[in-house]
Student: 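I have a structure I would like to understand better, so I am pasting it below and will then ask my questions one at a time.
Note on naming: letters A, B, ... go to the chains in the order of the sequence lines (proteins, then strands), and numbering restarts at 1 for each one. In this text the structure is predicted, and so the values were computed from the model without any measurement.
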Amino acid sequence: MSEGKKSLNFIEQIIEEDLKGSYTEQELKFRFPPEPNGYLHIGHASSICLNFGLGERYNAPVNLRFDDTNPIKEEQEYVDAIKEDVVWLGFKWDKECYASDYFQQLYDWAVELIKSGNAYVDSQSSAEIADQKGTPTVPGAESPYRNRSVSENVELFEKMKNGETPEGAHVLRAKIDMTSSNMIMRDPVMYRSLHKKHHRTGDDWKIYPMYDWAHGESDFIESVSHSFCTLEFLPHRELYNWFISKISNNEDFIPKQREFARRNLSHTIVSKRKLLQLVENKVVNSWDDPRMPTISGFRRRGYTPSSIKKFADTIGIAKRENIIDVSLLEFCIREDLNKIAPRVMGVLDPVKLVITNYEDGEEWLDTENNPEDENAGTRKIPFSKELYIEREDFKEEANRKFFRLTLGKEVRLKSAYIIKGESVVKDENGNILEIHCTYDPKSKSGSGSEESLRKVKGTLHWVSISHAIKAEIRLYDRLFTVAAPDADKEKDFMDFINPDSLQVITGYVEPSLKDASVADKFQFQRIGYFCIDKESTSENLIFNRTVTLRDSWEKLN
RNA sequence: UGGCCUAUGGUGUAACUGGCAACACGUCUGUUUUUGGUACAGAAGAGUCUAGGUUCGAGCCCUAGUAGGCCAACCA
């Protein structure tokens, strides 16, 4: 098919211009550099799609690199989860890298910087260093240790490395400019001493490099051509370039850092720190709780990789702040599921319907699996005298806008017969216990009879009571009650938690669902898309509601 | 009160080296439909933060202002 010429985002434009300039296509190389201190979220999905998408577009390698320079927060569990998510999204990395693989090289370079007078060991407390940092409007002051001799610096740094000095006693700092208008350049810390076990290097190191002194160097080591990160790193670019200039020479291939705005999703948060808070405070059950905006949460909720990639593609990449409405994400998953999800019947809030003129016994009716997919075929579903229908699908009397069951009016039972409401049975409080109706035996769906072709205004879904399977249904709603929970200056985002983000109910589903397996996706007709949760068993089926169907009736109310 | 980034319909992105603002979502109307879903047809909705300037012509360039964001972890 013809593809309209798609406009390039600013990142792609940069690459196109580089390609016209001094870069060759063979030199292009990208990386996705997560820190393994939490699970990946929808914002990372954008970054993944950007970097790996660029890799596919230019046939360039993309490394998966773990930015594991902080052993306090990082764990192997997160490494594993991150890899699973990237694989699930359908991307292949070239090399699996770790910043910790470069610790020795980084150390050697640091010694070189010391020897060339570009770094020094500072023996002040972090508070003292912070004091001397100045403010955005006031220049910083130089450390009294700034002009230590090279030999003393080398000696101290080695002791730091060997753990012969106490934690926190010294740091290694780059010697740049304490008066720079860019505070990042005011003698940034390159190394801290930390006598902590690292999830990969164990006890090998007693000092750990800071982000700035690891990230660009990792890019350099891997010959990454373009290093994309979020906007808050923009002021770091100057330092990124400074460090690389100290370890490279003119013939070297120099990576280029560029920044884009992180993607924010409405009614949720995209901050690993805050997501961790939700997990630790048991607001949600886990990182992959279907209410979480994590990739694993969406996966468990029933989202597909292609829906997430479509979403990332649709929202694009730019430099301004943004809050993308969840309705766009929901559109993407509905669009995908509409094409692939088999249609089934399930009743979430049942009320008993008795067909008074239907004989005892059962019959198995044909119904199509997916009207959007002509190859999906049909299946049999059981029909009998006593059914469940949705409680909200009946009103004793209603106005003409109500297309559903009322007394005296006809509606169709999907794939079955046309029925007419006759009477209701109530308890002493007026609650409806049963609805009695009659059916037209000649109106059987698909029979082609004149009666079956009669136009009725409504069609209801249903299940046969004696055949239906009881199932646990988990209805999810947005986690926060406001679009931007972390934008309020006074209130904490925790104050906006939606108390009804999860509702667990018991529903009844058609018997064909008995053998459904984990992650299988279905459309419960007229209700929404559901998938089998990983906690589901054959004795206790559990469905997660991925998203409701669009509902133009609800809007009228 | 320093430096830097950003500013286009309700939301998100476009508009190639300046040439009467486009696409998607959302909203609203209809048509079709054994899902009030889907599909299809159509509509409303911004004159591009403000004020100057350059130009035959500016959303795109320049200046100033305004608004929002980022920067003072031994986090990333």
Student: Among the nucleotides G2(B), U33(B), C74(B), which one has an atom lying closest to any side-chain atom of Pro136(A)?
Tutor: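 Among the listed nucleotides, the one closest to the side chain of Pro136(A) is G2(B).
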
Student: For the pair made of CZ in Phe260(A) and P in C70(B), what is the distance, rounded to whole Å?
Tutor: 17 Å

Student: Please tell me which of Ile317(A) and Asp67(A) maps to the more 5' nucleotide of RNA chain B, matching each residue to the nucleotide holding its nearest heavy atom.
Tutor: Ile317(A)

Student: Taking the six-membered ring where the residue is Trp, are the ring centres of Tyr107(A) and Phe157(A) under 6.0 Å apart?
Tutor: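 Yes, the ring of Tyr107(A) comes within the 6.0 Å limit of the ring of Phe157(A), centre to centre.
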
Student: Between the base of G26(B) and the side chain of Glu330(A), is one N or O donor paired with an acceptor at under 3.5 angstrom?
Tutor: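 No, no donor-acceptor pair under 3.5 Å.
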
Student: Are any of Lys73(A)'s side-chain N or O atoms less than 4.0 Å away from OP1 or OP2 of C75(B)?
Tutor: no

Student: Are Lys310(A) and Glu335(A) close enough for a salt bridge, meaning some N to O gap below 4.0 Å?
Tutor: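 Yes, this pair counts.
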
Student: If the test is salt bridge (Lys or Arg N to Asp or Glu O under 4.0 Å), which one of Lys380(A), Arg379(A), Lys414(A) qualifies with Glu510(A)?
Tutor: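 When salt bridge (Lys or Arg N to Asp or Glu O under 4.0 Å) is applied between Glu510(A) and each of Lys380(A), Arg379(A), Lys414(A), only Arg379(A) qualifies.
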
Student: Determine if Tyr211(A) stacks with A76(B); use a centre-to-centre distance below 5.5 Å and an interplanar angle below 30° as the criteria.
Tutor: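 Ring-base stacking flag not set for Tyr211(A) and A76(B).
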
Student: Starting the side chain at C-beta, find the nucleotide from G36(B), A76(B), G3(B) nearest to Asp551(A).
Tutor: G36(B)

Student: Can you tell me if Arg186(A) touches the phosphate of A72(B), counting only side-chain N or O atoms and a distance under 4.0 Å to OP1 or OP2?
Tutor: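 Result: no.
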
Student: With a cut-off of less than 4.0 Å, is there a side-chain N or O of Ser126(A) near OP1 or OP2 of A73(B)?
Tutor: no

Student: What interatomic distance, in whole Å, is found between C1' of A22(B) and the corresponding atom of G69(B)?
Tutor: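 Rounded to whole Å, the distance is 28 Å.
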
Student: Taking the six-membered ring for Trp and the single ring otherwise, decide whether the centroids of Trp462(A) and Phe383(A) are under 6.0 Å apart.
Tutor: yes

Student: Give Ser415(A) one of three labels, base, sugar-phosphate or nothing, depending on what nucleic acid heavy atoms sit under 4.0 Å from its own.
Tutor: base

Student: Rounded to whole Å, please give me the gap between CG in Asn322(A) and P in G9(B).
Tutor: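 Roughly 14 Å, once rounded to whole Å.
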
Student: Does the G36(B) base have a donor-acceptor partner in the side chain of Arg550(A) within less than 3.5 Å?
Tutor: no

Student: Check every atom of A14(B), A24(B), C70(B) against the side chain of Asn9(A) and return the nucleotide holding the closest atom.
Tutor: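 Of all the options, the side chain of Asn9(A) is nearest to A14(B).
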
Student: Counting any heavy atom closer than 4.0 Å, what does Gly140(A) reach on the DNA or RNA strands: base, sugar-phosphate only, or nothing?
Tutor: nothing

Student: Counting only heavy atoms not in Lys457(A), do more than 12 sit closer than 6.0 Å to its NZ atom?
Tutor: yes

Student: Regarding Ile324(A), tell me which of base, sugar-phosphate or nothing describes its non-hydrogen contacts under 4.0 Å with the strands shown.
Tutor: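 Sugar-phosphate only.
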
Student: Is any side-chain N or O of Arg320(A) under 3.5 Å from a base N or O of U8(B), one able to act as donor and the other as acceptor?
Tutor: yes

Student: When the distance from CD of Glu368(A) to P of U34(B) is rounded to whole Å, what number comes out?
Tutor: 10 Å

Student: Which part of the nucleic acid does Arg263(A) contact within heavy-atom distance under 4.0 Å: base, sugar-phosphate only, or nothing?
Tutor: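 The answer is sugar-phosphate, as Arg263(A) gets under 4.0 Å only of primed atoms, P, OP1 or OP2.
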
Student: Where the side chain of Thr314(A) is concerned, which of A24(B), U34(B), A76(B) is the nearest nucleotide?
Tutor: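 Of the candidates, A24(B) comes closest.
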
